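Here the structure is laid out as structure tokens; the discussion comes afterwards.
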Amino acid sequence: MHAMQYEITLPADYDMGIIRERVATRGRFLDDFPGLGLKAYLVRERGGTSPVNQYAPLYLWSAPEGMTSFLRGPGFQGVVDDFGRPEVQHWTGLSYREGTAPEAPPRTAVRRRERIAHGVRPAAAMEAALEESHRLAGAPGAVATALAVDPRHWELLHFSLWEHEPSPVPGDRYEVLHLSAPERARLGRGQQR
């Protein structure tokens, strides 16, 4: 599994209805994309808990070839044409778990990026993060959880999908506008524990 996300931060007065319409009309195009485990179409709006307007889709790839194909294809080029070329962050997957409500449509996503501090053993940090991710998957209303690592920057990515607003789960909150999940069943395969 590979995780990937790009964030498009929009002006404070941007009409987020444009993004909602974009997802409503185009989101289904990835519902059968080869190699895609899932794509959560995420937004957050300025005010409340978010300091910015942002479109920040997060992808979990079941095959790296799917990620490469997407980045070379017309879907990503459409993002580049409309918003400029975003920085695409990516992480190597450590764990994917279905939650207690796997069939529920996710309404909320929580993403937390955590640096592994100097002096902390990477294996120990990853083991503690795995325990946390697995615990979250067992919480009421959890649709799914994922954990990934960027070994270049020694950063952990914690990601969870919820059928409601979870609490207390630390991280940035997003509204899920659509979920494409053509190969979701393949995400947990081949994981080592």
Side-chain angles (χ1 to χ4, degrees), residues 1-93 96 105-114 143-153 155-162 171-187:
M1 177 185 79
H2 293 275
M4 180 183 98
Q5 185 177 38
Y6 48 88
E7 300 166 308
I8 299 169
T9 301
L10 301 157
D13 61 350
Y14 189 84
D15 178 3
M16 292 299 285
I18 295 169
I19 298 297
R20 292 175 184 284
E21 178 66 19
R22 179 187 186 94
V23 172
T25 58
R26 300 182 190 182
R28 61 183 164 72
F29 294 148
L30 292 185
D31 285 353
D32 60 358
F33 196 88
L36 178 62
L38 66 80
K39 176 183 179 180
Y41 293 78
L42 307 179
V43 296
R44 57 185 180 155
E45 296 191 42
R46 188 170 184 258
T49 61
S50 177
V52 296
N53 286 329
Q54 195 172 66
Y55 173 54
L58 193 138
Y59 304 72
L60 298 178
W61 296 97
S62 60
E65 298 83 7
M67 182 172 71
T68 302
S69 177
F70 174 75
L71 292 172
R72 294 178 61 204
F76 184 67
Q77 188 59 48
V79 170
V80 172
D81 291 345
D82 292 347
F83 301 105
R85 186 175 62 195
E87 176 181 311
V88 178
Q89 303 163 75
H90 56 96
W91 302 262
T92 299
Y96 174 83
R107 300 287 179 231
T108 302
V110 180
R111 183 212 62 191
R112 179 167 51 100
R113 293 166 54 184
E114 172 190 5
V143 175
T145 64
L147 177 68
V149 64
D150 170 0
R152 179 174 183 224
H153 299 105
E155 177 185 74
L156 294 167
L157 172 75
H158 301 260
F159 180 67
S160 53
L161 293 168
W162 300 87
D172 296 321
R173 267 61 177 167
Y174 297 88
E175 179 183 355
V176 181
L177 298 181
H178 179 72
L179 186 72
S180 293
E183 295 185 12
R184 181 174 170 181
R186 293 185 58 204
L187 288 174

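Everything numeric here is computed off the predicted structure, so don't read it as measured data. One is the number of the first residue; the rest follow in order along the sequence.
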Taking C-beta and beyond as the side chain, do [X] and [Y] meet within less than 4.5 Å on heavy atoms?
X	Y	value
Phe70	Met4	yes
Asp82	Ile8	no
Ile18	Leu10	no
Arg173	Trp162	no
Leu177	Arg22	no
Arg107	Val176	no
Tyr55	Val43	yes
Arg46	Asn53	yes

side-chain hydrogen bond (donor to acceptor under 3.5 Å, both in side chains) partner of Arg44, chosen from Glu7, Gln54, Glu175: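 Result for side-chain hydrogen bond (donor to acceptor under 3.5 Å, both in side chains) with Arg44: Gln54.
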For [X] and [Y], which heavy atoms make the closest approach, and how far apart are they?
X	Y	value
Gly27	Tyr41	O-OH, 2.9 Å
His90	Asp150	O-CB, 4.1 Å
Ala148	Trp91	CB-CB, 3.4 Å
Lys39	Pro57	CE-CB, 3.5 Å
Leu157	Ala3	CD2-CB, 3.7 Å
Pro106	Leu161	CB-CB, 3.9 Å

ring-ring contact (aromatic ring centres under 6.0 Å, His included) partners for Tyr6, two or more places apart: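 Listed in chain order: Tyr59, Phe76.
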Which value, rounded to the nearest 0.5 Å, describes the distance between [X] atom [atom1] and [Y] atom [atom2]?
X	Y	atom1	atom2	result
Glu87	Gln5	CD	CD	11.0 Å
His158	Glu114	NE2	CD	4.0 Å
Ser180	Phe29	OG	CZ	10.5 Å
Thr108	Leu42	OG1	CG	10.0 Å
Phe83	Thr9	CZ	OG1	11.5 Å
Trp61	Leu36	CH2	CG	4.5 Å

Ser69 side-chain N/O to Glu65 backbone N/O, donor-acceptor pair under 3.5 Å: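 Judged by distance alone, no pair lies under 3.5 Å.
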